[in-house]
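Below: the structure, in structure tokens.
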2 protein chains.
Amino acid sequence: MKSRSAPPVKASRRRRKPRRRAVSARPETPSKRNTHRRSVEIIEAAAQVFAERGYHGATTQDIADILHIRQASLYYYVPSKEAALELVCIQGVAGFFETAQAIASGPGKARERLAGLIRAHMVPILDRGNFVRVFLTQRQFLPNRSRRRVGKWSRGLEKIFETVIRDGMRKGEFRGDLDPRLTTLAILGLANGVSSWYGKEDASMERIGSEFVSLVLDGLGRRR
Amino acid sequence: MKSRSAPPVKASRRRRKPRRRAVSARPETPSKRNTHRRSVEIIEAAAQVFAERGYHGATTQDIADILHIRQASLYYYVPSKEAALELVCIQGVAGFFETAQAIASGPGKARERLAGLIRAHMVPILDRGNFVRVFLTQRQFLPNRSRRRVGKWSRGLEKIFETVIRDGMRKGEFRGDLDPRLTTLAILGLANGVSSWYGKEDASMERIGSEFVSLVLDGLGRRR
DNA sequence: TGCCTTGTCTATAGGCTTATAGATGAAATC
DNA sequence: GATTTCATCTATAAGCCTATAGACAAGGCA
């Protein structure tokens, strides 16, 4: 008994009518990089359904439905559902990692770099939200090997934040009594949380980024 | 193909050996409040497996295994897996709600009440972590009706935080340029995030609470 | 003593899922 | 024009999951 939100239309809701021998489902595709393009589409569809229903709640049929192909056809491009999850998770965390590294090791005071990190953290949430949500909430369901692989990226990102915070403490830009580890987790928690409600609130990413930066740097209190 | 972390022992790993007619599985149970006690145990077990594997990744067999009873026996106490999820979610959010309400409408400056809210938010995470995690990450899988019910509690909690923040702004304890809604979401994101890593980090809840309070009230920056 | 209640058990229907095999038409290549 | 490759399809094995039905033992109660 799956908890889809739709009314219970028995079956046959999926299992589309046997199309008459698929008259070239995508007539516009020309080249031979076709296979690659399809793979990308499949991973994007997977990101969408994994984000919406969770890994275990999603079926490969759901993914196929988005692309209007048969469930079995997915296996021409992707070896397994788990493999699709891994690809989605990696693309989810990669978006954060690269820019973050550039910002942290770039110029500027620690305050500015931390502000940059927070703002940059909003970007993947905005334009690869499905991938990010899956990375954040579904990576626990990866098989051990790939979970560890993804975990490394994740810890790397934490280290980037933590390093900037330590740097700021050393240089006297930040309070000296911070716990850099807890502060990192706090900031990431706050920033990652955005992915769970962005779109339901009417605030632009820029607004959110600015608000969060000022909250982290200065807190709620008035200037003293 | 379920992604358990254990090695692939084919089947029969669950499906325990047919015990010889269950010689009173819990000989110590005396009274007739027995049924109630068992219900509680079942919901606790459900919270545990839903937290560990996610609602869709968990099976009713998993729940039964924890209690060493048969899968079908669960249905004597709980009408469906979905109903169990709803019970877990409600207990997950209720822990936050009650104390929060008392603190918000209690005495003290807004700063102090907000600090109290944040510290109090740590308590259910500490002692009903499974319920909280399920509420935070699995309530999306509830059927519409109960999801809305749980959603109300959730929004109520947000309102409590937001009200204190507005109050503090009005009284000049907090900066006047805050967006109360975004600030609320930021604080809840940061506080809820704890549930995803508490236990893996070696910091006490008190430490975490204090660190987060000072971060929210004063930010990372040095006194200016 | 004999009936009723309670909690658990066995068995299973009825569905749904993943992944594999092999067929097929269209396009590309020889 | 014949052959090969590509992308997709149909069909299905094999397995798992929820929920229901009905049996049954032990203890309480009339």
Side-chain angles (χ1 to χ4, degrees), chain A residues 1-4 8-39 41-42 46 49 53 55-65 67-85, chain B residues 1-4 8 10-27 29-39 41-42 46 49 53 55-65 67-85:
Chain A
M1 189 167 295
K2 318 200 54 193
S3 69
R4 296 291 141 85
V9 258
K10 260 294 118 87
S12 84
R13 195 172 50 96
R14 51 193 45 172
R15 204 113 251 141
R16 312 163 345 84
K17 59 185 182 305
R19 253 186 312 176
R20 267 279 103 331
R21 186 61 47 210
V23 190
S24 183
R26 312 182 77 253
E28 76 282 17
T29 56
S31 89
K32 56 179 53 171
R33 281 287 168 286
N34 212 338
T35 293
H36 177 260
R37 195 193 318 268
R38 202 46 146 174
S39 296
E41 288 174 344
I42 286 175
V49 307
R53 314 203 205 266
Y55 175 68
H56 289 298
T59 68
T60 51
Q61 182 69 58
D62 294 330
I63 300 173
D65 284 350
L67 301 170
H68 305 295
I69 60 176
R70 300 294 167 156
Q71 178 263 344
S73 304
L74 297 173
Y75 288 82
Y76 181 76
Y77 299 94
V78 175
S80 70
K81 192 186 171 192
E82 269 180 357
L85 178 62
Chain B
M1 189 166 293
K2 319 200 50 193
S3 71
R4 296 291 141 83
K10 259 294 117 82
S12 85
R13 195 171 53 94
R14 50 193 44 169
R15 208 108 246 143
R16 317 169 338 89
K17 59 183 180 306
R19 254 187 312 175
R20 247 341 21 13
R21 188 60 45 211
V23 189
S24 182
R26 313 183 76 253
T29 54
S31 90
K32 55 179 55 170
R33 283 287 168 284
N34 211 341
T35 293
H36 176 258
R37 196 194 317 269
R38 202 47 146 176
S39 296
E41 289 174 343
I42 286 174
V49 308
R53 315 201 205 265
Y55 175 70
H56 290 297
T59 68
T60 52
Q61 181 68 58
D62 294 331
I63 300 173
D65 284 350
L67 302 169
H68 305 294
I69 60 175
R70 299 293 167 155
Q71 177 263 344
S73 304
L74 297 173
Y75 288 82
Y76 181 75
Y77 300 94
V78 175
S80 69
K81 192 187 173 193
E82 269 180 356
L85 178 61

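Lettering follows sequence order; numbering is per chain, from 1. Being a predicted model, the structure only gives us computed values, none of them experimental.
Here CD1 of B:Ile63 is found 7.5 Å from NZ of B:Lys81. Values are rounded to the nearest 0.5 Å.
In this structure, of D:dC9, D:dT20, D:dC6, it is D:dC9 that holds the atom nearest to the side chain of A:Ile69. Proximity note for A:Tyr76 (side chain, C-beta onward) versus D:dA19, D:dT20, D:dC6: the nearest is D:dC6. Ranking C:dT18, C:dT10, D:dA19 by closeness to the A:Thr60 side chain, first place goes to C:dT18. In this structure, the nucleotide among C:dA19, D:dT8, C:dT10 sitting nearest to the side chain of A:Lys81 is C:dA19. In the set D:dT8, C:dG7, C:dA19, C:dG7 carries the atom at the smallest distance from any side-chain atom of B:Tyr77. The side chain of B:Ala72 lies closest to C:dA11, out of C:dT17, C:dA11, D:dC9. Closest contact between the side chain of A:Tyr75 and the listed nucleotides D:dA7, C:dT18, C:dT8 involves C:dT18. Here the side chain of B:Ser80 is nearest to one of D:dA19, D:dT10, C:dA19, namely D:dA19.
Panel note: side chain B:Tyr55, backbone A:His56; no donor-acceptor pair is recorded below 3.5 Å.
Between the CD atom of A:Gln61 and the P atom of C:dT18 there is a distance of 9 Å, given to the nearest Å. The separation between B:Gln71 atom CD and D:dT20 atom C1' is 10 Å, rounded to whole Å. For the pair A:Glu82 CD and C:dT17 P, the computed distance is 17 Å after rounding to whole Å. Straight-line distance from the CZ atom of B:Arg38 to the P atom of C:dC9: 8 Å, rounded to whole Å. As rounded to whole Å, 15 Å separates atom C1' of D:dT10 from atom CG of A:Leu74. Between the C1' atom of C:dT6 and the CD1 atom of B:Ile42 lies a distance of 14 Å, rounded to the nearest Å.
Contact record, A:Gly57 with A:Asp62: O-OD2, 4.2 Å, taken as the closest heavy-atom pair. Across all their heavy atoms, A:Ser73 and A:Ile69 have their closest contact at CB-CD1, 4.0 Å. When all heavy atoms are compared, the tightest approach of B:Ser39 to B:Tyr77 is OG-CD2, 3.6 Å.
Of the side-chain N and O atoms in B:Arg70, one or more sit less than 4.0 angstrom from OP1 or OP2 of C:dT10. Here B:Ser73 reaches the OP1 or OP2 of C:dC9: one of its side-chain N or O atoms lies under 4.0 Å away.
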